[in-house]
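Scroll down for the structure; my scribbles are underneath it.
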Amino acid sequence: VPESAETKQNHLVKFIIGVLFLHQEACFRLFDRISSQGWTIQLKSEIHPFNLSSYYEQEMGRDLSRFFLSLQSPVSQTETVGFKQELLSWENEWRSNGQRTVNLDAGYLDLHRVVLLSTKEGPHKIHLREGIWADLNMLRKSGSYQSLPWTFPDLRDGRYHEFFEKARNAFKHELRMLKRIHLRRNE
């Protein structure tokens with residue numbers, strides 16, 4: 001069955017959040033806010049030291065850690081800008097003395113890629129709208145995730161690949177369930 005223009009326009013993705021933090025209190029606040037938004041955390045990666053870059057040390061401190069979350073239920077890719085803007089508002093709300101207490105990397109995955117959303121322009125990034133850029137970080141090729149020259153070091157070294165595979169598998173299952181529901185409605 002060929003895809004309609006409407007189906008292609010509403011390409012479905014799974015939201016992910018990279019959480020960079022110093023103190024665990026920021027994570028508890030994040031979990032509460034996610035729940036109050038009516039979103040459901042589906043998967044959480046292991047927490048890893050953020051030790052391959054010092055980029056955030058001046059703003060957030062030393063000994064940072066990072067983990068990723070995926071949210072349940074596919075959403076239209078058109079919702080990604082709003083998702084990034086919502087997480088930016090949380091970061092700003094939770095600032096202390098003008099400094100971020102948590103860095104929330106909004107992003108998404110689909111069956112072929114992992115994309116993080118950014119407010120910073122770059123030669124490999126694609127402007128979506130309203131100052132939000134899509135930053136393609138990994139491609140899935142030959143059954144595994146492949147990094148790109150600009151992929152963040154801690155994503156490049158493979159520590160989150162298992163998480164992304166699990167999130168992708170959950171996404172595939174959700175898409176199959178949506179297809180079954182759609183087929184039943186059209187019987």
Side-chain angles (χ1 to χ4, degrees), residues 1-20 30 33-45 66-92 103-152 155-156 160-186:
V1 177
E3 288 185 298
S4 68
E6 182 179 340
T7 304
K8 289 180 181 178
Q9 184 179 6
N10 292 315
H11 178 71
L12 295 178
V13 298
K14 175 174 274 307
F15 281 157
I16 59 172
I17 305 171
V19 183
L20 184 67
L30 172 65
R33 182 63 62 90
I34 287 171
S35 178
S36 73
Q37 287 290 120
W39 298 337
T40 302
I41 296 171
Q42 187 172 46
L43 296 168
K44 179 181 169 293
S45 76
R66 174 146 66 172
F67 64 92
F68 277 85
L69 302 171
S70 70
L71 301 183
Q72 193 167 350
S73 300
V75 296
S76 171
Q77 188 176 3
T78 61
E79 296 180 41
T80 58
V81 169
F83 179 59
K84 174 65 175 176
Q85 290 169 334
E86 183 68 25
L87 296 189
L88 282 171
S89 75
W90 299 355
E91 282 185 3
N92 288 328
N103 178 347
L104 303 174
D105 284 321
Y108 66 87
L109 62 78
D110 62 16
L111 297 178
H112 309 289
R113 63 193 63 86
V114 173
V115 175
L116 297 178
L117 302 166
S118 177
T119 57
K120 299 176 197 83
E121 184 178 0
H124 62 281
K125 297 178 184 179
I126 298 171
H127 186 257
L128 300 174
R129 68 176 198 274
E130 301 174 43
I132 304 299
W133 301 81
D135 184 356
L136 175 63
N137 261 264
M138 289 191 293
L139 291 173
R140 193 155 188 292
K141 184 177 175 186
S142 303
S144 65
Y145 283 102
Q146 309 293 314
S147 62
L148 301 162
W150 52 82
T151 300
F152 294 114
L155 272 70
R156 189 180 316 126
Y160 298 109
H161 287 195
E162 181 181 350
F163 166 79
F164 292 128
E165 285 294 339
K166 287 179 179 177
R168 181 181 182 274
N169 287 337
F171 180 60
K172 280 175 62 174
H173 176 74
E174 291 166 335
L175 292 177
R176 281 194 298 271
M177 297 304 292
L178 287 173
K179 186 175 182 178
R180 285 183 191 148
I181 291 168
H182 179 74
L183 289 174
R184 284 188 192 136
R185 287 184 183 159
N186 291 331

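Residue numbers run from 1 in the order of the sequence given. All values below were derived from every heavy atom in this structure, side-chain atoms included, with hydrogens, water molecules and symmetry-related copies excluded.
Across all their heavy atoms, His112 and Asp110 have their closest contact at N-OD1, 2.8 Å. The two residues Leu136 and Arg113 make their nearest non-hydrogen contact at CD1-CB, 3.6 Å. Nearest heavy-atom pair, Lys84 versus Leu117, reported as atom, atom and distance to 0.1 Å: NZ-O, 3.2 Å. The two residues Phe171 and Pro74 come nearest to each other via the heavy atoms CE1-CB, 3.8 Å. Contact between Met138 and Thr151 at its shortest, heavy atoms only, is CG-CG2, 4.1 Å. Contact record, Leu69 with Phe163: C-CZ, 3.5 Å, taken as the closest heavy-atom pair.
In the displayed structure, His127 atom NE2 is contacted under 6.0 Å by more than 12 heavy atoms of other residues, nucleotides or ligands. Applying the 6.0 Å contact sphere to CD1 of Ile126 captures no more than 12 heavy atoms from other residues, nucleotides or ligands. Remark: Glu162 CD is loosely packed, at most 12 non-hydrogen atoms of other residues, nucleotides or ligands lying under 6.0 Å away.
Side chains of Leu116 and Phe152 form a contact here, defined as non-hydrogen atoms less than 4.5 Å apart. Using a 4.5 Å heavy-atom threshold, the side chains of Ile17 and Ile41 count as separate. In this structure, Arg168 and Lys14 have side chains that are not in contact, with every pair of non-hydrogen atoms separated by 4.5 Å or more. Inter-residue side-chain proximity for Thr119 and Ile132 is flagged as met; some heavy-atom pair is nearer than 4.5 Å. At a threshold of 4.5 Å between non-hydrogen side-chain atoms, the residues Leu155 and Arg66 count as touching. Val115 is not listed as a side-chain neighbour of Val13, based on a closest heavy-atom distance of 4.5 Å or more. The shortest distance between side-chain heavy atoms of Trp133 and Lys120 does not fall below 4.5 Å. Residues Leu20 and Asp105 have side chains not in contact (no heavy-atom distance under 4.5 Å, counting atoms from C-beta outward).
Using the six-membered ring where Trp is involved, His124 and Trp150 have ring planes that are parallel, under 30° apart on the 30 and 60° scheme. In this structure, Phe83 and Phe15 have parallel ring planes: the angle between them is below the 30° cut-off, well short of the 60° mark.
Under the 3.5 Å distance criterion, the side-chain polar atoms of Ser147 are left unmatched by any main-chain donor or acceptor of Arg156. Under the 3.5 Å distance criterion, the side-chain polar atoms of Asn137 are matched with a main-chain donor or acceptor of Asp135.
Rounding to the nearest 0.5 Å places OG1 of Thr78 at 9.5 Å from CG of Leu12. Annotation: the span from Glu86 atom CD to Arg33 atom CZ amounts to 7.5 Å, rounded to 0.5 Å. Rounding to the nearest 0.5 Å places CD1 of Ile34 at 5.5 Å from CH2 of Trp90. The distance from the CG atom of Leu128 to the CD atom of Gln77 is 7.5 Å, given to the nearest 0.5 Å. The CG atom of Leu178 sits 5.5 Å away from the CD1 atom of Ile181 when rounded to the nearest 0.5 Å. Atoms OG1 and CD, on Thr80 and Gln85 in that order, are 9.5 Å from each other to the nearest 0.5 Å.
Under 3.5 Å, the side chains of Thr40 and Gln42 contain no donor-acceptor pair of N or O atoms.
Salt-bridge annotation for Glu121 and Lys125: absent, with no side-chain N of the basic residue lying under 4.0 Å from a carboxylate O of the acidic one.
Taking the six-membered ring for Trp and the full ring otherwise, the centers of Phe164 and Phe68 sit less than 6.0 Å from each other.
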